[in-house]
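Step one of this worksheet: look at the structure below.
Reckoned from all heavy atoms, side chains included, excluding hydrogens, waters and symmetry mates. Residue numbering restarts at 1 for every chain, and letters A, B, ... go by the order of the sequence lines.
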2 protein chains.
Amino acid sequence: MHALTWRGQLFCCYNPGGMKRLRHNAILDIIRSGTIASQEELMHGLKARRIEVSQSTLSRDIQELRLAKTGGVYTVVESEPVSKPSDESFRRIIREFLVDIAVAKNIVVVKTGPGHASTVSQAIDETGWPEAIGTIAGENTVFIAARSEKEGKKLERRLRELL
Amino acid sequence: MHALTWRGQLFCCYNPGGMKRLRHNAILDIIRSGTIASQEELMHGLKARRIEVSQSTLSRDIQELRLAKTGGVYTVVESEPVSKPSDESFRRIIREFLVDIAVAKNIVVVKTGPGHASTVSQAIDETGWPEAIGTIAGENTVFIAARSEKEGKKLERRLRELL
DNA sequence: CATCTATATGCATAACTATTCAGCCGCCGC
DNA sequence: GCGGCGGCTGAATAGTTATGCATATAGATG
């Protein structure tokens with residue numbers, strides 16, 4: 001196909017993982033409003049947030065997020081994903097507070113809910129992951145220094161997997 | 001139309017309400033097996049119980065019973081008064097990080113895991129509890145100012161209940 | 001009794017959702 | 001670098017569900 005107009009957006013570069021997660025967060029947010037009755041409606045809601053995507057993809061997203069349609073309306077089902085108890089605490093912290101992840105060279109920038117950066121920072125320190133040389137927390141942002149760009153990306157992937 | 005073969009069953013006399021309730025019970029029963037992925041499957045399941053009905057009617061039944069389709073499978077949603085997600089989130093934070101509680105006059109002293117005080121402080125702020133005038137966080141300690149000694153004790157009780 | 005109303009239903013079809021297919025991109029090993 | 005692999009995506013389309021309409025019955029009403 002023609003790369004220039006792919007997905008109908010010149011400015012939207014392909015970004016596996018990141019884009020999808022961003023969209024999933026937006027979808028959950030929109031669905032929680034409790035007024036979405038079809039995937040087309042959801043599509044329009046996302047468009048208002050500058051996220052353009054096809055119905056096909058939404059169908060797949062809805063499967064992955066295990067959303068339910070009941071009474072003609074989509075809803076979020078709250079479930080308890082099980083994982084190893086040792087990692088469980090860390091995972092909960094990440095899932096609860098982590099808002100966004102980005103990488104710049106060998107620095108991973110993690111956005112958290114307001115006031116929660118130090119908790120996330122502490123949690124990451126405690127994992128003892130070898131890629132993370134050190135962390136520093138602001139009010140709602142954590143910088144994680146990695147040994148290299150490659151390890152930074154690996155770190156990002158690891159964090160995303162926990163979400 | 002021809003009354004004799006209506007609905008293809010000579011013996012099934014029209015009985016508004018009764019027939020429908022019977023069918024609804026059967027539907028709930030079948031759905032709870034957790035293997036129904038489409039209304040046509042449900043139709044076959046009902047046929048095995050000598051209940052013949054069209055897909056149209058099942059669509060309407062499913063609406064009335066407020067069944068949900070999630071992960072490609074129909075499920076019965078058990079209606080229970082679940083606490084609001086915001087409450088749930090607060091509860092998780094408290095259970096995760098709170099280590100100890102004490103009261104001194106109108107000040108509630110909360111010990112948290114190291115580095116988590118600001119998160120707990122923030123969470124308490126966000127509850128909007130009227131007894132809590134304000135909070136201040138150190139590294140692993142939060143002070144909560146209450147209006148009075150009595151309200152301080154009430155606050156302590158409320159927090160303990162969440163554990 | 002004739003008729004009116006409310007409920008329940010099936011058929012045809014519109015509306016909606018899932019899946020198949022092919023293309024694109026980043027990553028990894030050579 | 002280059003080719004293969006795997007994840008992500010849109011377009012087309014197959015599959016599933018909801019709905020407009022006509023009809024049937026029970027009960028209410030004059």
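For the OP1/OP2 pair of C:dC27 and a distance below 4.0 Å, the side-chain nitrogens and oxygens of A:K153 include at least one atom meeting the criterion.
Picking from D:dT9, C:dA18, D:dA11 the nucleotide with the shortest atom distance to the side chain of A:Q55 gives C:dA18.
Scanning atom types as modelled, no donor and acceptor separated by under 3.5 angstrom connect the side chain of A:S38 and the base of C:dC16.
In terms of the side-chain hydrogen bond (donor to acceptor under 3.5 Å, both in side chains) criterion, A:T112 has no residue partners (sequence neighbours excluded).
Ring geometry for A:F97 against B:F97 counts as parallel: the plane angle stays under 30°, on a 0 to 90° scale with 60° as the upper cut.
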Do A:L67 and A:D61 pass the side chain to side chain contact (heavy atoms under 4.5 Å, CB included) test, and can you show the C-alpha distance, the side-chain angles, and the key distance before you say yes or no? CA-CA 9 Å; A:L67 301 181; A:D61 287 345; over 6 Å; no

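The minimum heavy-atom distance linking B:A37 with B:K69 is given by the pair O-NZ, 3.0 Å. Taking both residues in full, the closest heavy atoms of B:T70 and A:R66 are given as OG1-O, 3.2 Å, listed atom of the first, atom of the second, then distance.
Once rounded to the nearest 0.5 Å, the distance linking CZ of B:R158 with CD of B:E151 reads 9.5 Å.
With respect to A:R160 and A:E156, a salt bridge is recorded, a charged nitrogen being found less than 4.0 Å from a carboxylate O. Between B:R157 and B:E161 there is no salt bridge, since no side-chain N of the basic residue sits under 4.0 Å from a carboxylate O of the acidic one.
In the region residues 39-46 of chain A, proximity to DNA chain C at under 4.0 angstrom, judged on heavy atoms, holds for A:Q39. Remark: B:T57, B:R60 in residues 57-76 of chain B come within less than 4.0 Å of DNA chain C through at least one heavy atom.
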